[in-house]
Amino acid sequence: MTDPASVRAAVAASAERIGAPGILVNGAGDAVSAPLHRTDDALWSQLLAVNLTGTFLVTREVAPLMIARGGGRIVNLASVAGVTGAPYVSAYTAAKHGVVGLTRALAQELAKSAITVNAVCPGYVDTSLTERSVANIVEKTGMTPEEARAALASRSPQKRIMTAEEIAALVVYLVSEEARGVNGQAIVLDGGGFVG
C-alpha cells in the first residue's frame, strides 16, 4: 500500500477484472506505541506511510475511475486518534489526523463528481491491533490480559471495546445510496468517549 507502482498495478488489475470501482474502503493501518523520545525516524515514516500515504496513493488511483464511472463512495478508516490526541502514539495520531484532513479536502474536491468521502474514527476495536495494545500493556505494567482489556474498555463511557461488526455496519451505511448527503465527515464510534 505504500509503493506507488504496486498500488497502480493493483488498481489497474482490479479495474480490468471487475470494472471501475464504485466503492473504495481504505482500511490498511498500523499502530505502534512509543514515547516521543523513542519515536525514531523509521517508526515515524512507517506509520505515516501505512496509515496516510497508503490511503492517499490508493485514492489517487481510484478517484479518476470513479469520476469516469459517474460517482462513488470512499470511506477512510481513521481513528478517534484522528480527532483528538493520545500520549505515546504521536506518529499514529499525526497519521490519522492526516487521514481526517485528506478526507475533508477530497470530500470538497470530489463532490462535484458525485463522490462522497468520509472517515470512520473508531476507538478501540476488538481486532489484532487491539490485542497488540493489550500485550504491550501486559509487558510494560504486569497487568493480566483481562486487566489490560478492561483498562482499554474503561476509556469508553460504555465500558467496552467496539466490535468489527459495528464498524462494518457504519461503513455499509456510508457507501449506501441513503448516505449520499453525508460527505466530509469524521464519524467517531467509541461509545461516547469523544464529544467534539
Side-chain angles (χ1 to χ4, degrees), residues 1-31 45-85 91-123 125 127 129 162-190 194-196:
M1 305 311 295
T2 62
D3 175 60
S6 295
V7 169
R8 265 193 304 277
V11 171
S14 175
E16 186 175 316
R17 186 172 332 138
I18 62 171
I23 296 170
L24 169 62
V25 179
N26 285 303
D30 192 14
S45 295
Q46 171 195 331
L47 293 184
L48 263 66
V50 172
N51 292 297
L52 178 56
T53 303
T55 297
F56 163 74
L57 292 173
V58 175
T59 304
R60 184 178 66 183
E61 294 303 315
V62 169
L65 301 174
M66 281 187 176
I67 291 168
R69 182 181 191 277
R73 304 279 184 269
I74 300 171
V75 178
N76 298 321
L77 294 184
S79 167
V80 70
V83 293
T84 188
Y92 178 77
T93 298
K96 292 302 187 177
H97 268 76
V99 170
V100 170
L102 179 65
T103 297
R104 290 178 172 152
L106 295 180
Q108 294 289 316
E109 184 175 333
L110 299 175
K112 64 185 176 295
S113 300
I115 297 171
T116 63
V117 188
N118 292 289
V120 173
C121 302
V125 181
T127 64
L129 208 57
M162 303 297 108
T163 68
E165 292 78 13
E166 289 173 288
I167 309 309
L170 180 53
V171 171
V172 168
Y173 168 69
L174 290 172
V175 302
S176 73
E177 183 60 18
E178 291 78 13
R180 68 187 175 276
V182 182
N183 192 29
Q185 301 304 304
I187 302 171
V188 175
L189 187 62
D190 73 343
F194 175 79
V195 180

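Predicted model only: the values in this text are computed from it and were never measured. Below, each value reflects all heavy atoms present in this structure, side chains not excepted, and no hydrogens, waters or symmetry copies.
Between the OG1 atom in T116 and the CZ atom in R180 there is a gap of 11.0 Å [rounded to 0.5 Å]. The CD atom of Q108 sits 10.5 Å away from atom CG of L106, with the distance rounded to the nearest 0.5 Å. With values rounded to the nearest 0.5 angstrom, L189 atom CG is found 11.5 Å from S79 atom OG.
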Please report, to 0.1 Å, the donor-acceptor pairs under 3.5 Å made by any side chain of residues 1-14, with sequence neighbours excluded.
residue: D3; atom: OD2; partner: S6; partner atom: N; Å: 2.9
residue: D3; atom: OD2; partner: S6; partner atom: OG; Å: 2.7

List the atom pairs, donor and acceptor, that lie under 3.5 Å between side-chain atoms in residues 56-76 and the rest of the protein, sequence neighbours left out.
residue: T59; atom: OG1; partner: N26; partner atom: ND2; Å: 2.9
residue: T59; atom: OG1; partner: T55; partner atom: O; Å: 2.7
residue: R69; atom: NE; partner: A20; partner atom: O; Å: 3.1
residue: R73; atom: NE; partner: S176; partner atom: O; Å: 3.4
residue: N76; atom: OD1; partner: N26; partner atom: ND2; Å: 2.8
residue: N76; atom: ND2; partner: T103; partner atom: OG1; Å: 2.9

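Of all the heavy atoms in V182 and N118, the pair that sits closest is O-ND2, 2.8 Å. Contact between V83 and A186 at its shortest, heavy atoms only, is CG1-CB, 4.1 Å. Considering all non-hydrogen atoms of both residues, P122 and V125 come closest at CB-CG2, 3.6 Å. In terms of heavy atoms, V100 sits closest to A78 at CG2-CB, 4.0 Å. Listed here is the closest heavy atom pair of A95 and L47: CB-O, 3.7 Å. Taking all atoms of both residues into account, the shortest heavy-atom contact from N183 to A111 is ND2-CB, 3.7 Å.
Every residue meeting the side-chain hydrogen bond (donor to acceptor under 3.5 Å, both in side chains) condition with Q46, not counting sequence neighbours, appears here in chain and number order: D30. Residues forming a side-chain hydrogen bond (donor to acceptor under 3.5 Å, both in side chains) with T163 (at least two apart in sequence, or on another chain): E166. Residues forming a side-chain contact (heavy atoms from CB on, under 4.5 Å) with D190 (at least two apart in sequence, or on another chain): V80, V188, F194.
Within the 4.5 Å cutoff, the side chain of L77 has heavy atoms near those of the V171 side chain.
Every pair tested for salt bridge (Lys or Arg N to Asp or Glu O under 4.0 Å) that includes a residue from residues 45-56 fails, sequence neighbours excluded, so the list is empty.
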